[in-house]
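Here is the naming used below: chain letters follow the sequence lines, and residue numbers restart at 1 for every chain.
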Amino acid sequence: MIGAMGKKEELSGLFERLADVLEFKGENPFKSIAYRKAARTLLDLDEEIETIVAEGRLRSIPGIGEGIAKKILEYLETGQVKHYEEARAGIPDSVLEIMNIPGMGPKTTALVYKELGIKSVDELEAAASAGKLRELPGMGAKKEENILRGIRLVRDGSKRILLGVALPIVEAIIAELSTVTGVEMILPAGSLRRMKETVGDIDILAASEDGRRIVEAFTSLGCVREVLAAGDTKGSIITQDGLQVDLRVVKAESFGAALQYFTGSKDHNVALRRLAQARGLKINEYGVFRGEERIAGTTEEEVYRALDLPLIPPELREDRGEIEAAQKGELPRLVEFADVKGDFHVHTTASDGHNTIEEMVEAAVRRGYKYIAICDHSKSTTVANGLDETRLLAQVAEIRKLQSRYKGIRILAGSEVDIRNDGTLDFPDEVLGQLDIVIAAVHSALKRPRDEMTRRILKAMDNPHVRLIAHPTGRLLGKREPSELDMEAVLKRAAETGVGLEINAQPDRLDLDDRDCRRAQELGVKVAIGTDAHDADSLWYMRLGVGVARRGWVGKDSLLNTFTASRLEKVLRRS
DNA sequence: GCCGTTTTCGGCCCGACTGTTTTCAGTCG
């Protein structure tokens, strides 16, 4: 989910649509590639485009040259881009939408538009159903069927799904396929391996001498709804949940190259390929080649080493400067899942959780944690049965008593205390002072204007008892946009006050997101993962939080969850 | 349209699968 629409988001969308139009018209495809690259680059910017323009740094952004820079300036000055308006003139938007249908590329879309006057997905569906498409050159009955299936797929809402939903599904599939005879290795690849917050489809990579056998096992899994492709080295299915899963099979000697290749991202790979070319090498999914000779490919380390690079962790492979950092030997030492010693945000039956304090603590012990923070809701969040002062203090007493029975784990008495509309907190200071950790969070009036939202959070951070701000933007992936918020101001205040920001690890939150994390890291702000678990099983969301932190270039020393219990005590006592 | 340890012109990542084709175009990732 993208935040509020600023100029860079508008420009990004414009360049994407321009790329569509040019493809449709059959112009030099590399122009479209250039526009799409610029569109992605714009979205990835940490700063506002206006700032960059004002400081004359536009042309220093990779992928933005003379032509695109001019168009950006034109848009900022006039609100439109003439070249775009001219290019799209006479082409209805509904025609371009046809290109979103799987199987319908620019060529086929242009063909049906020109020959049959088809201007929308609905008209395409009618023509395909009536068997009219097969009369066109290069088209047949099978193509019609495929197009109809593609239309159904899009209508079914084959949208991106949450990482936290996809991860268990793909791990179950892998567990099953790893028992197939001849499977030497099998791992997830693609955006899932990069721990992107949502994934479009799932890529799985296997090593075996007998590709057909695995592909057959794959396409006959119990979860298969539809088989899209089945060859010797590749299979593609739609699961009952509507998730597309692609399996690729290579020989073991190529596994590293293939894993690298299918993990992406696309932009990262293109950049790597350029590096390879400059050295007279060729990279593909089978290895790194100098002429006919293969010089690497069994492991990913080999592939990167062939380019004089250290292994770049999958979570960083977004072409956001990781290759340059690797070349300079400046890759961050990312936090590891194994470094995590505790969870800062769990609920219990006292508010809206499903397990007792003791059950949550037991689950934390089983995970080897050294601390866990019990942070139920406060009274303003009535829908979640938030605790008032009396119930909170009773819970603190209960936690102290329970603590005496546990030696190896510290049970932190805390609260996920509401930030009210005016920025004050739901409990008075003398109550907050009795807690081990105070996490402040906005749960209401999320749509207030940017200034007001920012002021509320800044004010909460100024309260000396507050240690963390939970789910700072309030977004819910696919359901609710992030609140309007001056994140830069929040991060700077965090740096000043020493208040940390939460990476809320709920699958549909992941808030802070990876980009905010990276900025936090740059500013020296501490982050802390809280699973916000409402039951003991959900403590596993920690993995998702670690994924966000790693994608945000967060090192071990910036993540509070890696602190030992005694070091943490000092931070919590603070000042 | 972008870009430069072969280049300011001429490349631009590269291969698999499908369906339609008797040798390949289109699409996808």
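Going from the C1' atom of B/dT20 to that of B/dT27 covers 14 Å, rounded to whole Å. Separating the C1' atom of B/dG11 from that of B/dA16 is a span of 24 Å, rounded to the nearest Å. Taking atom P in both B/dT6 and B/dC12, the straight-line distance is 14 Å, to the nearest Å. Nucleotides B/dC2 and B/dT7, compared at atom C1', are 14 Å apart to the nearest Å. Comparing the P positions of B/dT18 and B/dC13 gives a spacing of 25 Å, expressed to the nearest Å. B/dG1 and B/dT8 have their C1' atoms separated by 15 Å, with the value rounded to a whole Å.
A side-chain donor from one of A/Y84 and A/R17 sits under 3.5 Å from a side-chain acceptor of the other.
Phosphate contact (OP1/OP2 of B/dC17, side-chain N/O of A/T233, threshold under 4.0 Å): present. Of the side-chain N and O atoms in A/N146, one or more sit less than 4.0 angstrom from OP1 or OP2 of B/dG19. At the phosphate of B/dA16, OP1 or OP2 sits under 4.0 Å from a side-chain N or O atom of A/Y286.
Nearest-nucleotide positions on DNA chain B for A/A34 and A/N284 put A/A34 closer to the 5' end. Nearer the 5' end of DNA chain B, as judged by each residue's closest nucleotide, is the contact made by A/A69, out of A/A69 and A/L281.
Within residues 304-320 of chain A, no residue has any heavy atom closer than 4.0 Å to DNA chain B. Within residues 117-125 of chain A, no residue places a heavy atom under 4.0 Å from DNA chain B.
Residue contacts for A/A276: at a heavy-atom cut-off of 4.0 Å it reaches no nucleic acid atom on any strand shown. Using a 4.0 Å heavy-atom distance criterion, A/I33 is classed as making no nucleic acid contact. Within 4.0 Å (heavy atoms only), A/K71 reaches sugar-phosphate atoms of the nucleic acid but no base atom.
Applying the ring pair (Phe, Tyr, Trp, His ring centres under 6.0 Å) test to A/F15 and every residue at least two apart in sequence or in another chain returns A/Y35. With sequence neighbours excluded, no residue forms a side-chain hydrogen bond (donor to acceptor under 3.5 Å, both in side chains) with A/E135. By the ring pair (Phe, Tyr, Trp, His ring centres under 6.0 Å) test, A/F24 pairs with A/Y113, sequence neighbours left out. Partners of A/F255 according to the ring pair (Phe, Tyr, Trp, His ring centres under 6.0 Å) rule, which considers only residues two or more places apart in sequence or in another chain, do not exist here. Considering only residues two or more places apart in sequence or on other chains, A/E171 meets the side-chain hydrogen bond (donor to acceptor under 3.5 Å, both in side chains) condition with A/R543. A search for side-chain hydrogen bond (donor to acceptor under 3.5 Å, both in side chains) contacts involving A/E85 returns nothing, not counting sequence neighbours.
For the atom pair A/K7 NZ and A/S12 OG, the distance stands at 14.0 Å (nearest 0.5 Å).
Counting only residues at least two apart or in different chains, side-chain hydrogen bond (donor to acceptor under 3.5 Å, both in side chains) contacts with residues 297-315 of chain A comprise A/R193-A/E300, A/Q260-A/Y304, A/H268-A/Y304, A/R279-A/D308, A/E300-A/R317, A/Y304-A/R317, A/E315-A/R550. Residue pairs meeting the ring pair (Phe, Tyr, Trp, His ring centres under 6.0 Å) criterion with at least one partner in residues 180-229 of chain A, sequence neighbours excluded, do not occur; the list is empty.
In this structure, the CD atom of A/E16 is 15 Å from the C1' atom of B/dG1, given to the nearest Å. One can place NE2 of A/H268 at 15 Å from P of B/dC13, the figure rounded to the nearest angstrom. Atom CZ of A/R273 and atom C1' of B/dG11 are 17 Å apart (whole Å). Distance, A/L18 CG to B/dG1 C1': 10 Å, rounded to whole Å. The distance between atom NZ of A/K70 and atom P of B/dG1, rounded to the nearest whole Å, is 10 Å. In this structure, A/L272 places its CG atom 17 Å from P of B/dC12, rounding to the nearest Å. A/N28 places its CG atom 14 Å from the P atom of B/dG10, with the value rounded to the nearest Å. Separating the CG atom of A/L247 from the P atom of B/dA16 is a distance of 15 Å, rounded to the nearest angstrom.
At least one side-chain heavy atom of A/I503 sits less than 4.5 Å from a side-chain heavy atom of A/I529.
Checked by atom type and distance alone, the side chain of A/D511 pairs as donor or acceptor with a backbone atom of A/G474 at under 3.5 Å.
Taking only side-chain atoms of A/F30, from C-beta outward, the nucleotide of B/dC2, B/dC12, B/dG15 with the closest atom is B/dC12. Checking B/dA16, B/dG15, B/dG1 against every side-chain atom of A/K31, the shortest atom distance belongs to B/dG1.
Checking each of A/R509, A/E481, A/M487 against A/T473 for a side-chain contact (heavy atoms from CB on, under 4.5 Å) leaves exactly one that passes, namely A/M487. The side-chain contact (heavy atoms from CB on, under 4.5 Å) test with A/R225 singles out one residue from A/T239, A/L243, A/I238, and that residue is A/I238. Of the candidates A/L559, A/L510, A/V554, A/C517 forms a side-chain contact (heavy atoms from CB on, under 4.5 Å) with just one, namely A/V554.
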Query raised in the report: What does nucleotides 3-9 of chain B look like as a protein-contact string, B for base, S for sugar-phosphate only, - for none, at under 4.0 angstrom between heavy atoms?
Result: S--S---

Query - Footprint string (nucleotides 20-29 of chain B, 5' to 3'): B base within contact, S backbone only, - free, heavy atoms under 4.0 Å - result: S-----SSSB

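Pairing for B/dT8 is absent, with no Watson-Crick or G-U wobble pair whose two atom distances lie under 3.5 Å.
The minimum heavy-atom distance linking A/R515 with A/L45 is given by the pair NH1-O, 3.4 Å.
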